[in-house]
Amino acid sequence: MHVGRRNGGVILGGGFGALSKRFGSAAGSMLEAELVTADGKLLLANEYQNADLFWALRGGGGGTFGVVTRLTLRTHESPKTIGGLNGTISASSDEAFRKLLARFIRFYPENLNNQNWGETVKLTSANELKVSLTFLDLSEEEARQVWKPLQDWVTARPDDYSGELSFMVLPFRDLWNLDYWQKNNPSVVQVDNREGQPRGQFWWATNQKAVSEYIYNYKSRWLPAHLFAEPEKLADTLFAASRHWQFSLYVNKGLAGAPRGALERDRKTSINPAVFEASAWILMAASEAHAFPGVPGQGPDHEKGKAIAKKIDAGMKILRQATPGAGTYSNEADYHEPDWQRAFWGTNYPRLKRIKQKYDPGNMFRTHHSVGSET
Ligand SMILES: Cc1cc2nc3c(=O)[nH]c(=O)nc-3n(C[C@H](O)[C@H](O)[C@H](O)COP(=O)(O)OP(=O)(O)OC[C@H]3O[C@@H](n4cnc5c(N)ncnc54)[C@H](O)[C@@H]3O)c2cc1C
């Protein structure tokens, strides 16, 4: 499959979607890139030509090594079905929530940290576990069976917990089929109603805010697999962080638990190798919809934003201290990430920088916190 013009930054920086736990990152599926380098040359980069540049382009970030004019990507066999699991488990006290977290942490490695699952579980300051997961090639009954031990544990404690989980399954080929959603579950989609847009264009209604979003704070971190071996300790950490602000665990953005094929492809990329040690990726963030800085009466609420940003700083401090050296995904990270070279690229950074110097010695392509931007 050839890709041009749009979304270069996603793939060049890594590219994680709901299916990444099965197929790996988009960069891992890159077969070839065509690019114009700083000296004006048109180069091909693949496993056999300019192999050093090819490695760097798979995860080293957009706006860094040249202008990519064409990408060739490997395709993968579609899953047969995709399911959605949504719902909230609410705990009636802080102590019940902490116990729920410990139970969830015991449940996670065996049941969710594998190629079938993707997307998020959110922990809130109101003692809720908000589940918004996808699952591949499992029937509704099979998915329910996966969750049964945790659900049984919750239902056996009605004084401590309440809430429902709902499961649905659809043919994978209908995932991006507007007709399917309008017929079966219209509230899931937001149709692009702008004049002149092609028919069938839509986005998920839950992503509406992303159309126009002013970010107050945005911090992320990989969550290493080994921490799940001490459930009580990890529960204490996650609970303490959640007192400050809510955050989500993304199953699909940590590759510990991914199948061999995906791991083999991604180990050939320049993405921070810390991703292979991570069972999940944490995002703690907050934003305001439809706020336009500089437009009178339409600007963001700075006071509110600053207050929330402080809470996120405090929550993330706890998570960072519990995850030394864990790093994070360069495409979805704090603008002010300290020690960003190590956080975004880990042990790959020195090699990336040498390749940057070879192909762009004058540092013509430079973006904020991109490889070589410190010089
Ligand atoms: C709402 C939202 C949701 C997101 N969700 C996800 C997610 O689920 N998974 C994920 O992996 N990421 C996600 N991201 C992050 C996304 O990967 C980055 O924002 C990425 O940088 C976007 O790349 P772009 O090319 O679309 O955007 P741009 O902002 O246009 O480009 C980003 C950088 O790449 C460079 N670049 C773009 N095209 C090329 C090219 N052809 N050649 C060389 N350099 C190029 C640009 O110069 C720029 O430096 C999300 C971002 C947002 C805003």
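As the structure lists them, so they are numbered: ligands from 1, and atoms in each ligand from 1.
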Heteroatom proximity flag, G8 to ligand 1, N/O under 3.5 Å: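 Yes, G8 has an N/O under 3.5 Å of an N/O on ligand 1.
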May I ask you to check whether F16 has an N/O atom sitting below 3.5 Å from an N/O atom of ligand 1?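 For ligand 1, there is an N or O atom that lies under 3.5 Å from one belonging to F16.
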Identify the heavy atoms of [X] and [Y] that sit nearest to each other, and give their distance.
{"X": "E77", "Y": "F23", "value": "O-CZ, 3.4 Å"}
{"X": "M30", "Y": "I11", "value": "CE-CG2, 3.9 Å"}
{"X": "F365", "Y": "D360", "value": "N-OD2, 2.9 Å"}

Heavy-atom pairs closer than 4.0 Å: do any link ligand 1 to the side chain of T367, the backbone, both, or neither?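 T367 to ligand 1: side-chain contact only, backbone stays beyond 4.0 Å.
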Structural part of T64 in contact with ligand 1, heavy atom criterion under 4.0 angstrom: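 T64 to ligand 1: no contact under 4.0 Å from either part.
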CG of D137 to CD of Q115: how many Å apart, nearest 0.5 Å?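 D137 atom CG to Q115 atom CD measures 8.5 Å (nearest 0.5 Å).
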Counting only heavy atoms, tell me which of G9, A210, G63 gets closest to atom 47 (O) of ligand 1.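 Looking at heavy atoms only, the winner is G63.
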Decide whether a cation-pi geometry holds between R342 and Y349; the criteria are a distance under 6.0 Å from NZ or CZ to the six-membered ring centre and an angle within 45° of the ring axis.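 Because its charged atom misses either the 6.0 Å distance or the 45° angle limit, R342 does not stack over Y349.
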Kindly confirm or rule out a cation-pi arrangement of R351 over W55, judged by NZ or CZ under 6.0 Å from the six-membered ring centre and within 45° of its axis?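 Flagged: R351 positioned over aromatic ring of W55.
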May I ask you to check whether D266 and S25 show a side-chain donor-acceptor distance below 3.5 Å?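 There is such a pair (donor and acceptor under 3.5 Å, judged by atom type) between the side chains of D266 and S25.
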Tell me whether G15 reaches ligand 1 (any heavy atom closer than 4.0 angstrom to a ligand atom).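 So G15 counts as touching ligand 1.
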With the threshold set at under 4.0 angstrom, would you say F365 reaches ligand 1 through any of its heavy atoms?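 Outside the 4.0 Å threshold, so no.
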Per-atom contacts of ligand 1 with [X], taking only distances under 4.0 Å to non-hydrogen atoms:
{"X": "K253", "answer": "7 (C), 8 (O), 9 (N)"}
{"X": "G66", "answer": "42 (N), 43 (C)"}
{"X": "L12", "answer": "42 (N), 43 (C), 44 (N)"}

